[in-house]
There are 2 protein chains.
Amino acid sequence: MDFAEHAARSRGFDGFSYGDMAVAIGIRKASIHHHFPTKANLSEALIERYQTNLQHRLAEIEATHATAGARLKALIALYRAALDDGRTVCLCVAFSTSRESLSKVVIAKVSAVRAMILQWITATFELGQRDGSISAILDPAYEAPATLAMLEGAHLAARTEEDLVAFDVATRLLNARCQ
Amino acid sequence: MDFAEHAARSRGFDGFSYGDMAVAIGIRKASIHHHFPTKANLSEALIERYQTNLQHRLAEIEATHATAGARLKALIALYRAALDDGRTVCLCVAFSTSRESLSKVVIAKVSAVRAMILQWITATFELGQRDGSISAILDPAYEAPATLAMLEGAHLAARTEEDLVAFDVATRLLNARCQ
DNA sequence: GTCTATAGAGAGATAGAC
DNA sequence: GTCTATCTCTCTATAGAC
């Protein structure tokens with residue numbers, strides 16, 4: 001699953017095959033089909049594991065950072081780290097483009113993951129209004145989707161240029177708003 | 001090429017085949033190979049046409065809108081219209097995810113298109129500083145990559161949810177900054 | 001759980017007739 | 001420019017032995 005996730009995030013869900021996985025892991029294609037009978041099964045397992053991981057990461061940020069500004073900075077760092085030097089984007093972005101070859105269940109899961117992140121960012125901006133650690137907050141309900149869009153767009157920019165600098169310049173102003 | 005562009009933007013460059021094109025157009029695969037011998041040729045033709053079109057669109061916006069705020073609003077509308085009700089993203093985004101199956105020439109072209117847009121947005125923010133039609137401008141050099149990231153991220157959001165509303169909420173604050 | 005072997009579909013691409 | 005026909009390759013998936 002580690003390889004599958006990395007491959008999906010690097011080349012899209014259609015961009016890797018059971019054959020690629022078999023070579024990478026060192027077993028045969030048929031053996032992988034034993035664990036994930038169809039690629040649809042694999043896609044479900046991937047997005048579910050991704051959601052669980054992300055939940056833990058977000059909770060971890062809340063536990064280790066008290067102010068909204070510090071939390072938002074940590075979220076930006078989380079997305080930056082997910083880039084793997086510009087070789088991968090986040091699974092939501094990868095699955096968005098592979099939309100046509102994914103089941104409705106998986107599409108709904110991607111949507112749910114997005115909603116979870118949006119809720120977390122919204123709550124962070126609401127906290128920022130109270131603790132004053134994020135500057136120039138207008139409406140948290142609109143700051144959140146704008147922020148997520150910017151993070152995912154910055155991912156794409158870094159992927160296109162295969163350079164983390166593209167991510168950094170795109171998120172610079174957002175970062176500067178956080179104390 | 002119209003079909004190929006739409007398909008690439010909807011399903012990724014690997015998400016459609018010469019067979020799909022043949023069915024859509026009503027001729028045979030071999031006939032398409034006559035015009036575009038390899039899929040690499042097709043990808044180059046697509047990105048080149050895209051760049052030319054975009055150049056004209058941006059020039060058109062400049063010609064019909066005097067203030068920076070009006071121009072930025074028009075750019076947001078341009079990206080919104082490119083969504084086709086959430087079924088397609090822009091070609092740069094689509095090609096970013098299909099990165100591994102594209103030639104270096106095409107990757108460089110995508111990069112060039114991005115640079116062109118970035119320059120245009122930067123110039124627009126610089127004008128905004130002078131004419132005061134965009135509020136809360138910090139550094140135009142960083143506003144531009146942040147804006148492009150937000151627009152492309154908003155595209156992804158709308159594509160994921162297959163709903164234009166996702167684009168609208170993500171770009172709402174940016175829109176509100178334009179007079 | 002892993003293997004060999006293979007089915008069946010579809011991909012990109014080419015040769016050569018018209 | 002378009003066609004039929006075909007090549008070669010890779011894909012997902014399955015059957016059945018070990």
Side-chain angles (χ1 to χ4, degrees), chain A residues 1-50 87-88 91 94-110, chain B residues 1-50 87-88 91 94-110:
Chain A
M1 287 186 72
D2 288 338
F3 174 83
E5 181 177 324
H6 191 275
R9 287 169 50 177
S10 169
R11 306 191 285 272
F13 187 67
D14 304 319
F16 73 100
S17 67
Y18 274 66
D20 297 332
M21 288 178 74
V23 170
I25 300 167
I27 60 176
R28 300 291 172 173
K29 288 193 295 180
S31 308
I32 303 176
H33 276 286
H34 174 75
H35 300 278
F36 304 101
T38 70
K39 222 182 167 186
N41 297 141
L42 177 59
S43 68
E44 280 185 45
L46 284 178
I47 190 69
E48 266 166 37
R49 190 178 76 144
Y50 192 75
R87 284 190 294 269
T88 65
L91 196 59
F95 274 12
S96 288
T97 355
S98 310
R99 207 178 189 286
E100 304 295 321
S101 42
L102 295 168
S103 71
K104 285 182 183 177
V105 177
V106 173
I107 296 291
K109 271 277 177 195
V110 173
Chain B
M1 287 187 72
D2 288 340
F3 174 83
E5 182 177 323
H6 192 275
R9 288 169 51 178
S10 170
R11 304 191 285 272
F13 188 66
D14 305 320
F16 73 100
S17 67
Y18 274 63
D20 296 332
M21 288 178 73
V23 169
I25 300 168
I27 59 176
R28 299 293 172 173
K29 284 196 299 178
S31 310
I32 302 176
H33 277 287
H34 174 76
H35 300 279
F36 304 102
T38 70
K39 222 181 167 188
N41 297 139
L42 177 60
S43 69
E44 280 185 45
L46 284 178
I47 190 67
E48 267 167 35
R49 189 178 76 144
Y50 192 74
R87 284 190 294 269
T88 65
L91 196 58
F95 273 13
S96 288
T97 355
S98 308
R99 206 176 190 286
E100 304 296 320
S101 42
L102 295 168
S103 70
K104 285 182 182 176
V105 178
V106 174
I107 296 292
K109 271 277 178 196
V110 173

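All values derive from a computational prediction rather than experimental measurement. Reckoned from all heavy atoms, side chains included, excluding hydrogens, waters and symmetry mates.
The ring pair (Phe, Tyr, Trp, His ring centres under 6.0 Å) analysis of residues 9-29 of chain A, with sequence neighbours excluded, yields the pairs A:Phe13-A:Phe16, A:Phe13-A:Phe95, A:Tyr18-A:His33. Within the structure, salt bridge (charged side-chain N to carboxylate O under 4.0 Å, His left out) contacts touching residues 8-26 of chain B (residues at least two apart or in different chains) are B:Glu5-B:Arg9.
Shown here for B:Ala94 and B:Ala8, the closest heavy-atom pair between the two residues is CB-O, 3.4 Å. When all heavy atoms of B:Ile27 and B:Ile32 are compared, the closest pair comes out as CD1-CG1, 4.0 Å.
B:Arg49 places a side-chain heavy atom less than 4.5 Å from the side chain of B:Met1. Side-chain contact check for A:Lys109 versus A:Glu48: some heavy-atom pair is nearer than 4.5 Å. Annotation: side chain of B:Asn41 is not in contact with side chain of B:His35 (no heavy-atom distance under 4.5 Å).
A donor-acceptor contact shorter than 3.5 Å is absent between the side chain of A:Ser10 and the backbone of A:Ala7.
Residues from residues 21-33 of chain B lying near DNA chain D, meaning a heavy-atom separation below 4.0 Å, are B:Ile27, B:Arg28, B:Ala30, B:Ser31 in numerical order. Using a 4.0 Å cut-off on heavy atoms, none of the residues of residues 98-108 of chain A approach DNA chain C.
For the side-chain contact (heavy atoms from CB on, under 4.5 Å) test, residues two or more places apart in sequence or in another chain that qualify with A:Arg28 are A:Ser31.
Here B:Leu46 contributes atom CG and B:Leu91 contributes atom CG; the two are 6.5 Å apart, rounded to the nearest 0.5 Å.
Along DNA chain C, read 5' to 3', the first and last nucleotides having any atom under 4.0 Å from a heavy atom of chain B are C:dA11 to C:dA15.
Residue contacts for B:Phe16: at a heavy-atom cut-off of 4.0 Å it reaches the sugar-phosphate backbone alone, with no base atom in range.
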